[in-house]
There are 2 protein chains.
Amino acid sequence: MTETTTDRRADGRALKHVQVREYVRDLVAGAAPGAAAPSERELVAMFGVARMTVRQALDTLVTEGVLERIPGRGTFVARPQRNRGRISGFTEDLRRRGVLAESQTLLARREQAGPGVARALSLTEGDAVIHWRRLRRGDGTVVCVEDAYLTEILLPGFLQQGMPTSLYADLEARGLRPTWAEDSITADVAGPEEAALLEIEPGSVVLRHSRRAVSGEKVVEVSRSVYRADRFTLWLQICG
Amino acid sequence: MTETTTDRRADGRALKHVQVREYVRDLVAGAAPGAAAPSERELVAMFGVARMTVRQALDTLVTEGVLERIPGRGTFVARPQRNRGRISGFTEDLRRRGVLAESQTLLARREQAGPGVARALSLTEGDAVIHWRRLRRGDGTVVCVEDAYLTEILLPGFLQQGMPTSLYADLEARGLRPTWAEDSITADVAGPEEAALLEIEPGSVVLRHSRRAVSGEKVVEVSRSVYRADRFTLWLQICG
DNA sequence: TAGTGGTCTAGACCACTAT
DNA sequence: TAGTGGTCTAGACCACTAG
């Protein structure tokens with residue numbers, strides 16, 4: 001398998017292995033997992049190319065998880081990928097469990113980044129950030145208080161547009177869907193303010209979840225959430 | 001790039017592209033990012049193989065993120081990957097923080113899978129599993145009790161070999177390094193047995209962490225860990 | 001036995017980079 | 001201009017699977 005940057009020669013002609021690759025990709029799109037793809041020698045005959053060229057095309061599709069090779073048997077449409085999961089936020093996370101997520105904005109304003117937030121967002125202290133505090137409910141009951149900090153310069157008009165239901169859906173619409181994140185999670189007890197918001201006694205057990213979410217090279221979100229331990233289990237998919 | 005299952009022919013001779021690949025991997029291990037790797041034609045001359053064979057070897061290392069090709073310039077040791085984070089276990093996790101992880105095996109035996117463990121490991125109830133319970137310390141202080149369940153049939157000789165220091169390092173040596181995992185995390189209070197092991201009062205705050213780790217298609221590990229909340233923060237990298 | 005993917009050869013021309 | 005990786009050819013033999 002070889003990374004192809006352009007897919008085309010300088011003169012505009014499509015590369016042969018790309019032609020074969022895209023032909024097979026189209027052919028196989030929507031086919032049932034386990035369905036047979038054309039054999040390598042069939043493709044050699046169809047396209048009039050060398051077998052190594054066909055193999056280069058198929059190698060890419062195998063690496064992408066589209067095809068699967070079985071020696072002595074053939075090439076087949078791969079089983080559905082187990083792990084094309086996306087990073088999700090509270091709203092999407094709860095929806096996946098069949099729970100309706102609601103949010104009440106407690107605070108949404110422009111602030112100057114303090115030292116901690118600036119470092120986490122890879123900004124300079126004093127840069128403009130959006131601070132968004134929400135009380136979050138699942139099926140109507142209070143579950144979580146979340147403080148999110150966003151880099152204002154990446155999100156023009158964010159505060160003016162009316163706050164979105166799902167932060168991640170909004171980021172996705174801006175092409176800033178997080179591609180990976182660093183999370184840290186601790187168990188703790190609630191302080192008095194948190195307790196009041198979460199409708200629990202101070203000192204009750206809570207789950208603290210901090211996230212630093214990155215889209216490409218840019219840190220798009222830094223957040224701290226406090227969950228009622230009696231009402232929430234954090235569920236994460238980890239990839240290698 | 002081609003997946004190689006065996007790395008060896010039936011007669012035991014190493015495949016040529018594997019020889020080249022491992023030679024380059026060793027050569028480059030510990031080299032500074034950006035350092036030049038041997039050129040393809042150099043390797044052709046060194047090993048007396050065809051260039052396609054060398055390319056197959058290097059393709060694998062490029063896909064793995066070890067090397068980087070720059071057309072017209074050469075092949076180089078890849079820059080540190082933004083996101084080649086591997087799923088880590090307790091040992092590796094603590095090592096990354098500069099903390100020495102130690103484990104004391106409380107129990108390591110063959111059992112028949114109960115309904116929960118069987119479902120989590122994608123086995124049938126009654127199938128043989130390895131149950132491994134460890135008390136885990138960081139820099140000498142008690143941090144965690146972990147119960148891990150492993151599919152015995154995937155790990156021949158595991159119990160006989162002497163328990164490894166790091167489960168994940170052992171799995172990696174067997175080609176079963178987890179590629180992704182589903183984790184669920186809650187905050188809770190310690191029960192009496194846990195409290196005794198963790199050297200805390202019953203009712204103290206703990207962090208519970210369950211993991212279902214998958215390597216390729218196989219579920220290789222299911223575990224439940226209980227951490228002292230006052231001594232441990234869980235740190236996870238999430239990918240989309 | 002026929003077909004499949006896995007490995008491998010010994011060349012070739014191209015576009016690109018560095019000197 | 002010399003060297004690099006990118007693409008491509010036209011074969012070959014192997015181990016394995018299936019009918």
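In what follows, chains are A, B, ... by sequence order, proteins preceding strands, each numbered from 1. These figures come from a predicted structure and were not determined experimentally.
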Under the 3.5 Å Watson-Crick or G-U criterion, the dot-bracket string of DNA chain C, with | for inter-strand pairs: ||||||||||||||||||.
5' precedence on DNA chain C between Val49(B) and Gly72(B) (nearest-nucleotide basis): Val49(B)
Rounded to the nearest Å, what distance is computed from the [atom1] atom of residue [X] to the [atom2] atom of nucleotide [N]?
X	N	atom1	atom2	value
Ile70(A)	dT17(D)	CD1	P	10 Å
Leu43(A)	dC8(D)	CG	P	14 Å
Lys16(B)	dC13(D)	NZ	P	15 Å
Glu40(B)	dA2(D)	CD	P	20 Å
Arg55(A)	dT9(C)	CZ	C1'	15 Å
His17(B)	dT9(C)	NE2	P	12 Å

With sequence neighbours excluded, residues passing side chain to side chain donor-acceptor pair (under 3.5 Å) with Thr91(A): Arg136(A)
Lys/Arg cation over aromatic Phe90(B): Arg211(B), 6.0 Å, 45° cone: no
Given [N], is OP1 or OP2 found less than 4.0 Å from the side-chain N or O atoms of [X]?
X	N	value
Ser39(B)	dT4(D)	yes
Arg51(A)	dT9(D)	no
Thr75(B)	dG5(D)	yes
Thr53(A)	dT7(D)	no

Where Val66(A) and Val28(A) come nearest, the two heavy atoms and their spacing: CG1-CG1, 3.9 Å
Side-chain donor/acceptor of Thr124(B) to backbone N/O of Asp127(B), under 3.5 Å: no
More than 12 heavy atoms of other groups within 6.0 Å of Ile153(B) CD1: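 Counting neighbours around CD1 of Ile153(B), 12 or fewer heavy atoms of other residues, nucleotides or ligands fall under 6.0 Å, so no.
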Under 3.5 Å side-chain donor-acceptor pair for Glu221(A) and Tyr168(A):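 Their side chains do contain a donor-acceptor pair, which is all the 3.5 Å distance test asks for.
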N/O donor-acceptor pair, side chain Arg41(A) with base dG5(C), under 3.5 angstrom: yes
Side-chain donor/acceptor of Arg73(A) to base of dG3(C), under 3.5 Å: no
Salt bridge (Lys or Arg N to Asp or Glu O under 4.0 Å), paired with Glu146(B), selected from Arg133(B), Arg208(B), Arg134(B), Arg224(B):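 Looking at Arg133(B), Arg208(B), Arg134(B), Arg224(B), the match for Glu146(B) under the salt bridge (Lys or Arg N to Asp or Glu O under 4.0 Å) is Arg134(B).
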